[in-house]
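What you see below is based on every heavy atom in this structure, not just the backbone, and it leaves out hydrogens, waters and symmetry mates. The first residue in the sequence is number 1, and the count goes up from there.
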Amino acid sequence: MNNFIVYLYQTLANAVHLYLVWIIFMFLPAGLKRIVTIGVGTVYPFVCSVTAAATDEIDDDTYWLTYWAVYGCLFLLMDLFETWLGRIPGFYTIVIFTTVYLMLPMFRGADKVFRKILVPLAGLQELLILRDSIQIKKQLLKDLDPERAKLVRKSIAKFFDGEDDDADPTVLKGQFKQSWSALKMPKIKLPQFGKSKEKDDEQPTESTNLV
């Protein structure tokens, strides 16, 4: 209960701080609003992009590269419409909220816009599917031992090695069950409390060896 009260207090305090910052932002001139808006979308992502480029991980590089591609489109739209809409109160606030939605990993907005809008417009759905398949293979090799990863890869290959007209959900469900039954899942041994209790309750008999 105390943790919930602390969490609620921190949330309200952060909301009040953000509201005060927003009020100050609303009274800024249009030129300063534009600078702040661009700074929100570039400074923190720039630092994260440099950090990601300096590490061996590829996932964070892909994440921020996707962000910059989507943010570039957002910046072009802002630059195009701010001549007519820039004087309307709330225009730059909407741009900032959209930028935060694209930026933060908790929303993954850039990835959603990239998949749903940019990739179909560019006609690169096949390349995106191939990239996702590579990510799945990397996840298999990372999370499973080599033997189980090999079995899962064979099951996936068999699942996709069907006819193109097997799009019926019933057929796909049957193929999934067959692939699942082919996997050798590890057996989990549960403790048998009943037997141990029966052994404890056994009373010594005449044939019991007493030490």
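Residues L127 and L121 fall within the same hydrophobic cluster, defined by Ile, Leu, Val, Met, Phe, Trp and Tyr side chains chained together at heavy-atom separations under 4.5 Å. Linking ILVMFWY side-chain heavy atoms closer than 4.5 Å, directly or via other members, places Y92 and V36 in a single hydrophobic cluster. Using a 4.5 Å cut-off between side-chain heavy atoms of Ile, Leu, Val, Met, Phe, Trp and Tyr, with links allowed through other members, L65 and I58 fall into different hydrophobic clusters. One hydrophobic cluster holds both W68 and L104 under the rule that ILVMFWY side chains link at heavy-atom gaps under 4.5 Å. Linking ILVMFWY side-chain heavy atoms closer than 4.5 Å, directly or via other members, places M106 and V70 in a single hydrophobic cluster.
In this structure, the separation between OG1 on T37 and CG on L28 is 9.5 Å, given to the nearest 0.5 Å. Taking CG of D61 as the reference point, atom CG of D56 lies at 9.5 Å (rounded to 0.5 Å). To the nearest 0.5 angstrom, F81 atom CZ is 11.5 Å from I88 atom CD1. In this structure, the separation between CG on D111 and OG1 on T62 is 10.0 Å, given to the nearest 0.5 Å. T66 contributes atom OG1, which lies 9.5 Å from atom CG of L118 (distance to the nearest 0.5 angstrom). In this structure, CG in L130 is found 11.0 Å from CG in L124, a value given to the nearest 0.5 Å.
No donor-acceptor pair under 3.5 Å is formed between the side chain of D79 and the backbone N or O of F75.
The two residues W64 and A52 come nearest to each other via the heavy atoms CD1-CB, 4.2 Å. Across all their heavy atoms, M103 and P45 have their closest contact at CE-CG, 4.0 Å. Taking every heavy atom of both residues into account, V95 and L74 meet most closely at O-CD2, 4.3 Å. Listed here is the closest heavy atom pair of M26 and G90: CE-N, 3.9 Å.
Checking each of K33, R34, M78 against F91 for a side-chain contact (heavy atoms from CB on, under 4.5 Å) leaves exactly one that passes, namely M78.
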- Should Y67 and V113 be marked as a side chain to side chain contact (heavy atoms under 4.5 Å, CB included) after you check the CA-CA gap, both sets of side-chain angles, and the distance that decides it? CA-CA 9 Å; Y67 167 79; V113 174; over 6 Å; no
- Message: The test is ring pair (Phe, Tyr, Trp, His ring centres under 6.0 Å); show your working for F25 and W22 and say whether it passes.
- Response: CA-CA 5 Å; F25 175 78; W22 178 75; 8.5 Å; no
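Under the 4.0 Å criterion applied to side-chain N and carboxylate O atoms, R115 and D132 are assigned as salt-bridge partners.
The shortest distance between side-chain heavy atoms of Q139 and L144 does not fall below 4.5 Å. Using a 4.5 Å heavy-atom cutoff, the side chains of K138 and D59 are in contact. Inter-residue side-chain proximity for Y63 and E57 is flagged as unmet; no heavy-atom pair is nearer than 4.5 Å.
Cluster partners of V16, using a side-chain heavy-atom cutoff of under 4.5 Å among ILVMFWY residues and allowing indirect links, are L20.
Using the six-membered ring where Trp is involved, Y101 and F107 have ring planes that are tilted, between 30° and 60° apart.
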